[in-house]
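Model, not experiment: these values are computed from the prediction. For reference, positions follow the sequence shown, starting with 1. Whatever order the structure lists them in is the order used to number ligands and atoms, beginning at 1.
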Amino acid sequence: MNFKLPILAPSILAADKAQLGTQVQAVLDGGAQWIHCDIMDGHFVPNISFGPNVVASVSQISNEAFIDVHLMIENPDQYIESFCDAGADLISVHLEACIHLHRTIQLIRSHGAMTGVVINPSTPISAIEPMLTEVDLALLMSVNPGFGGQQFIPATLKKVEQLVALREKHELSFLIEIDGGVNSKNIVHIAQAGVDVLVAGNAVFSAENITNKVTELQSRLSNFKSK
Ligand code: DX5
Ligand code: ZN
């Protein structure tokens with residue numbers, strides 16, 4: 001995977017579903033390469049979003065787009081195959097939703113997708129430390145999962161620092177992704193903490209001009225100087 005880091009990953013949870021194709025194209029026109037798909041089942045989180053059929057439609061818009069699927073569902077093992085068949089390039093699962101997380105990560109990889117582990121704001125980094133050698137990405141929730149448009153939780157940056165230190169100490173290469181409450185004001189500060197992939201939903205899709213907003217956020221990311 002040869003993306004120029006850090007990466008902006010617009011979340012289509014915030015898109016107008018009546019114009020999803022047009023809005024995803026607008027995001028791609030703005031230079032975004034990742035599309036973040038938030039899958040919610042109304043059980044693991046108190047909201048229901050969309051399923052593999054929507055992911056399939058999105059992945060058919062462009063074969064360049066990297067489809068980053070975030071499963072906020074119970075029993076994710078049951079759905080790994082259908083999201084891979086729908087075109088997921090990476091599937092992230094919540095530690096808190098998996099009884100046998102190591103086996104779930106193996107299952108995702110066996111279907112040819114890259115693997116991610118996600119933790120909620122109250123879950124410590126120590127809980128996923130044994131998995132950091134097994135995954136391609138670690139996703140830190142910077143809001144409580146289930147809804148877009150929430151405030152960024154600043155304490156998440158401490159967890160980013162811990163992950164960066166562990167990655168260096170053990171010479172690992174997993175990506176660090178942040179998800180929730182990212183906007184024009186905090187995006188550079190978050191990237192400076194060492195985040196590789198930044199999810200943005202409302203900041204992108206509530207903008208007057210989606211393409212220009214993506215271009216603006218991307219240029220903030222490409223011009224920032226790490227600390
Ligand atoms: C929340 C989702 C996030 C959310 C981000 O459960 O995982 O991806 O859609 O939306 P914003 O950027 O609006 O906080
Ligand atoms: Zn998400």
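- A donor atom on one side chain and an acceptor atom on the other are found under 3.5 Å apart for Lys213 and Ser184.
- The Zn ion (ligand 2) is closest to atom OD1 of Asp38 (considering only N, O or S atoms).
- A salt bridge is defined here as a Lys NZ or Arg NE, NH1 or NH2 lying under 4.0 Å from an Asp or Glu carboxylate O, and Asp136 with Arg109 meets this definition.
- Within the 4.5 Å cutoff, the side chain of Leu217 has no heavy atoms near those of the Leu198 side chain.
- Residues Leu95 and Thr123 share a closest heavy-atom pair of CD2-CG2, 3.6 Å.
- When only modelled atom types and interatomic distance are considered, His70 and Asp68 share no side-chain donor-acceptor pair under 3.5 Å.
- Every atom of ligand 1 with a heavy atom of Asn202 under 4.0 Å away is listed here by number and element: 11 (P), 12 (O), 13 (O).
- Of the heavy atoms in Asp38, only side-chain atoms (C-beta onward) come closer than 4.0 Å to ligand 1.
- Every atom of ligand 1 is numbered from 1 in the order shown, and the set under 4.0 Å from a heavy atom of Pro145 is 6 (O).
- Nearest non-hydrogen protein atom to atom 6 (O) of ligand 1 is Gly146 N, 2.7 Å.
- For the residue pair Asp29 and Gln25, a side-chain donor N or O sits within less than 3.5 Å of a side-chain acceptor on the partner.
- In the displayed structure, Phe174 atom CZ is contacted under 6.0 Å by more than 12 heavy atoms of other residues, nucleotides or ligands.
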Q | Evaluation steps, side-chain contact (heavy atoms from CB on, under 4.5 Å), between Glu177 and Val199 | A | CA-CA 7 Å; Glu177 184 171 20; Val199 176; 3.1 Å; yes
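- Between Asn144 and Val45, the closest side-chain pair of non-hydrogen atoms is not below 4.5 Å.
- Residue, atom and distance of the protein heavy atom nearest to atom 12 (O) of ligand 1 are Gly201 N, 2.7 Å.
- In this structure, Leu13 is not a member of the same hydrophobic cluster as Phe66, with clusters built from ILVMFWY side-chain heavy atoms closer than 4.5 Å.
- When each atom of ligand 1 is checked for a heavy atom of Met40 under 4.0 Å away, the hits are 6 (O).
- The protein atom (non-hydrogen) at minimum distance from atom 1 (C) of ligand 1 is Phe147 O, 3.5 Å.
- Protein heavy atom at the shortest distance from atom 8 (O) of ligand 1 is Asp179 OD1, 2.4 Å.
- In the vicinity of Val199, heavy-atom distances shorter than 4.0 Å reach the ligand 1 atoms 8 (O).
- The cluster map of Ile, Leu, Val, Met, Phe, Trp and Tyr, joined by side-chain heavy atoms under 4.5 Å apart, puts Leu8 and Ile12 in the same cluster.
- Around the NZ atom of Lys17, the shell of radius 6.0 Å holds more than 12 heavy atoms that belong to other residues, nucleotides or ligands.
- Residue Phe152 places no heavy atom under 4.0 Å from ligand 1.
- Less than 4.0 angstrom separates some heavy atom of His70 from each of these atoms of ligand 1: 7 (O).
- Under a 4.0 Å heavy-atom criterion, Gly149 is in contact with ligand 1.
- The two atoms that bring Met114 and Ile108 nearest to each other are O-CG2, 3.5 Å, heavy atoms only.
- Contacts between Ser11 and ligand 1, counted as non-hydrogen atom pairs separated by less than 4.0 Å, involve the side chain only.
- Taking every non-hydrogen atom of Gly180 and a distance limit under 4.0 Å, the qualifying atoms of ligand 1 come out as 14 (O).
- Taking atom 10 (O) of ligand 1 as the reference point, the nearest protein heavy-atom neighbour is Gly148 CA, 3.5 Å.
- Remark: ligand 1 atoms within the under-4.0 Å shell around heavy atoms of Gly181 are 11 (P), 12 (O), 14 (O).
- Each of the following atoms of ligand 1 lies closer than 4.0 Å to a heavy atom of His36: 8 (O).
- As for Asp179, its N/O/S atom nearest the Zn ion (ligand 2) is the one called OD2.
- In terms of polar-atom proximity, Ala200 is not counted as a contact of ligand 1, lacking any N or O under 3.5 Å from an N or O of the ligand.
- Considering just the N/O/S atoms of His70, the one nearest the Zn ion (ligand 2) carries the name ND1.
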